Amino acid sequence: MAENTQVANFNTQLSYYTNRYVDLMERDLTSRGMEFDSYSKDCVVAAMGSIFQMVHESGVSFEAINGSNLKFILSKVAALKLNANAQPRECYFQIRNVNVAAKGQKPQWEKKIEFAIEGDGNDALVSRYGVNVSKVFPYWKVREGDKYIPPRHRGVEITPPEWEESGVGKVVRVVYPIQYKDGHIEYLSCERADVLKNLAAHIKNNLQNETFGICADRYKATDAQKAQIEAKKKEVMKKVADIGELEAIIDCEELRPYISPSYYETQSRESMIVRKMRNNIMKSIPKKWDNPVQAYEYNTMDATYREVQEEIEQNANKEEFIPEPMAIEEQPKQPTVAEVAKTSEKEPVPAAGKEPEIPDFMKQEEM
């Protein structure tokens, strides 16, 4: 009986917040000159379900999530039309603790949602927005034991590749046949070895909050300690460069603390590497967006863009969220999910022909 009550409460809360945020997204995208169609709505509903379940399983109250952050994430989902309920899914979410305090100030931690595109999400974006792309064919997973002859170029003419499958060995190459609107097909590929650059960037990102035992809190480190920490980070990245081989880096015990288990666990290692190869191909294809809102939302997810922003802001305040008790000081200026939903619920329906008044946190972010 108690279990049924918990399920009912879960569904009631999910329905309440989903309805509130669907309304917010419709007004947000419309105010920015973009249509909020039925599929955008489906994507927002799917995202809310996925995020709500994730937060619930973490043992955190959904009301504690930063409301402006959630609105920001859902805007991306709606604008890019990425479906978390697609099979395979097109995007995923994770929860992090983020220090929102200014540099040099006492840390202020907030729980925020982060959003990333899965491999099939990149396929969907290229299919819809790839410049002159007519069709994205299913990708090929070329293995060690396969017979593969790459395409040959003779002037502007291309001889298609030949692939004879054996099903034996690791995936050494991913190939995407892409058909363009003029009828020609290009065969875009990525080698397994090319994932090395992804892994190096992954390790560098995971070193952001590392102190190597030099101090307990890097935000309170002295200048001398900061110099020591930076030197140690350079040592780690030099080791990555010196090894210079994907599998050897993944298997290096010294580097293992800075590598996600997805890279080295037996059940996920191969799929992780294949996903990175797919992403490297699809992200390289130029895209023409229907609306500048889409371009903005996509570009703010780009790794290079984020690196530049982090460098400018000297922000590296993220750490993985752990549900266990920890001191968290919420920043009072940021609205919570509950406050955002309550604001949406109380807003009167605007008269016909009159523009609705948009709250400050819903206004378009500056480009």
Side-chain angles (χ1 to χ4, degrees), residues 82-84 86-92 116-127 130 133-154 157-180 184-206 239-285 303:
L82 293 172
N83 196 337
Q87 198 57 250
R89 65 183 183 181
E90 297 175 350
C91 57
Y92 68 94
I117 302 175
E118 290 273 35
D120 286 86
N122 284 312
D123 289 12
L125 292 178
V126 170
S127 296
V133 170
S134 173
K135 183 177 181 180
V136 177
F137 288 91
Y139 64 96
W140 304 350
K141 292 194 290 187
V142 182
R143 299 182 179 274
E144 289 173 318
D146 295 355
K147 181 180 178 182
Y148 179 76
I149 301 174
R152 295 187 298 275
H153 294 257
R154 184 176 180 180
E157 296 180 358
I158 300 176
T159 302
E162 297 180 21
W163 178 35
E164 184 177 326
E165 298 178 72
S166 69
V168 177
K170 300 174 183 175
V171 177
V172 295
R173 180 183 299 105
V174 165
V175 180
Y176 267 100
I178 308 290
Q179 185 173 36
Y180 289 82
H184 86 281
I185 297 178
E186 293 184 7
Y187 300 87
L188 307 180
S189 65
C190 181
E191 307 294 314
R192 188 184 186 93
D194 294 336
V195 178
L196 174 59
K197 63 184 179 183
N198 302 97
L199 180 57
H202 170 78
I203 293 173
K204 183 178 180 181
N205 183 65
N206 285 345
K239 187 170 186 65
V240 170
D242 289 345
I243 296 175
E245 200 273 322
L246 178 66
E247 310 291 343
I249 293 173
I250 293 175
D251 293 330
C252 178
E253 290 296 330
E254 187 178 340
L255 296 174
R256 184 63 59 87
Y258 317 117
I259 300 175
S260 166
S262 298
Y263 271 103
Y264 58 77
E265 294 288 357
T266 303
Q267 72 276 10
S268 59
R269 179 172 182 150
E270 198 65 13
S271 60
M272 181 68 165
I273 292 173
V274 169
R275 184 161 67 246
K276 294 301 180 182
M277 286 191 278
R278 292 177 61 192
N279 288 347
N280 288 344
I281 295 170
M282 302 310 274
K283 287 181 178 180
S284 70
I285 298 176

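All residue numbers refer to positions in the sequence shown, counting from 1. Treat the numbers as computed from the prediction; the structure is a model and nothing was measured.
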Engineer: For E247 and R269, what are the C-alpha separation, side-chain angles and deciding distance, and is it a side chain to side chain contact (heavy atoms under 4.5 Å, CB included)?
Structural biologist: CA-CA 10 Å; E247 310 291 343; R269 179 172 182 150; 2.8 Å; yes
Engineer: Name all residues meeting the side-chain hydrogen bond (donor to acceptor under 3.5 Å, both in side chains) criterion together with Q179; count only those two or more places apart in sequence or in a different chain, and write none if there are none.
Structural biologist: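 None.
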Engineer: Could you walk me through whether N279 and N198 pass side chain to side chain contact (heavy atoms under 4.5 Å, CB included), step by step?
Structural biologist: CA-CA 10 Å; N279 288 347; N198 302 97; over 6 Å; no
Engineer: Test of understanding: with side-chain contact (heavy atoms from CB on, under 4.5 Å), list the residues that count as partners of R256, not counting sequence neighbours.
Structural biologist: D251, E253, Y264
Engineer: Does L82 offer a backbone N or O that forms a donor-acceptor pair with the side chain of E90 under 3.5 Å?
Structural biologist: no
Engineer: side-chain hydrogen bond (donor to acceptor under 3.5 Å, both in side chains) with E186: which residues, sequence neighbours excluded?
Structural biologist: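 Expected list: H184.
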Engineer: For S262, which residues count as a side-chain contact (heavy atoms from CB on, under 4.5 Å) partner, sequence neighbours excluded?
Structural biologist: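 Here the qualifying residues are S260, S268, M272.
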Engineer: Looking at side-chain heavy atoms only, is the closest gap between V172 and Y148 below 4.5 Å?
Structural biologist: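 Of all side-chain heavy-atom pairs linking Y148 with V172, none is under 4.5 Å.
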Engineer: Who passes salt bridge (Lys or Arg N to Asp or Glu O under 4.0 Å) against R173, sequence neighbours left out?
Structural biologist: E191
Engineer: Under 4.5 Å between any side-chain heavy atoms of V274 and Y139, yes or no?
Structural biologist: yes
Engineer: List the residues meeting side-chain contact (heavy atoms from CB on, under 4.5 Å) with R152, not counting sequence neighbours, and say none if there are none.
Structural biologist: I149, T159
Engineer: Applying side-chain contact (heavy atoms from CB on, under 4.5 Å), can you list everything that pairs with K197, at least two apart in sequence or on another chain?
Structural biologist: N280
Engineer: Apply salt bridge (Lys or Arg N to Asp or Glu O under 4.0 Å) to E245 and list each qualifying residue two or more places apart in sequence or on a separate chain.
Structural biologist: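 E245 satisfies salt bridge (Lys or Arg N to Asp or Glu O under 4.0 Å) with no other residue.
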Engineer: Please report the closest heavy-atom contact between I259 and I249, naming both atoms and the distance.
Structural biologist: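 Minimum heavy-atom separation between I259 and I249: CD1-O, 3.6 Å.
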Engineer: Backbone N or O of V171 within a donor-acceptor pair of the R192 side chain at under 3.5 Å?
Structural biologist: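 Such a contact is found between R192 side chain and V171 backbone.
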Engineer: At their closest point, which heavy atom of Y187 faces which heavy atom of P160, and how far apart are they?
Structural biologist: OH-CB, 3.8 Å
Engineer: Would a 4.5 Å heavy-atom cut-off, applied to side chains only, mark K170 and E270 as touching?
Structural biologist: yes
Engineer: For R275, enumerate each residue passing the side-chain hydrogen bond (donor to acceptor under 3.5 Å, both in side chains) test, keeping only those at least two apart in sequence or located in another chain.
Structural biologist: none
Engineer: Over all heavy atoms of both residues, which pair between V240 and L255 is shortest? Give the atoms and the distance, please.
Structural biologist: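 Here V240 and L255 meet closest at CG2-CD1, 3.9 Å.
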Engineer: Hey, is CD on E157 packed in by over 12 heavy atoms from elsewhere, all under 6.0 Å?
Structural biologist: no
Engineer: With a 4.0 Å cut-off, would you call D194 and K276 a salt bridge?
Structural biologist: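 K276 and D194: not salt-bridged.
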Engineer: E254: what forms a salt bridge (Lys or Arg N to Asp or Glu O under 4.0 Å) with it, not counting sequence neighbours?
Structural biologist: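 E254 satisfies salt bridge (Lys or Arg N to Asp or Glu O under 4.0 Å) with K239 once adjacent residues are dropped.
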Engineer: Main chain of G169, side chain of R143: is a donor-acceptor contact present, judged purely on distance under 3.5 Å?
Structural biologist: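 Between the backbone of G169 and the side chain of R143 there is a qualifying donor-acceptor contact (under 3.5 Å).
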Engineer: Is any side-chain heavy atom of F137 closer than 4.5 Å to a side-chain heavy atom of I185?
Structural biologist: yes
Engineer: Using the test side-chain hydrogen bond (donor to acceptor under 3.5 Å, both in side chains), find all partners of D146 that sit at least two apart in sequence or belong to another chain.
Structural biologist: W163, S166
Engineer: Not counting sequence neighbours, which residues clear ring-ring contact (aromatic ring centres under 6.0 Å, His included) with Y263? List them please.
Structural biologist: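 For Y263, the residues satisfying ring-ring contact (aromatic ring centres under 6.0 Å, His included) (neighbours in sequence not counted) are H202.
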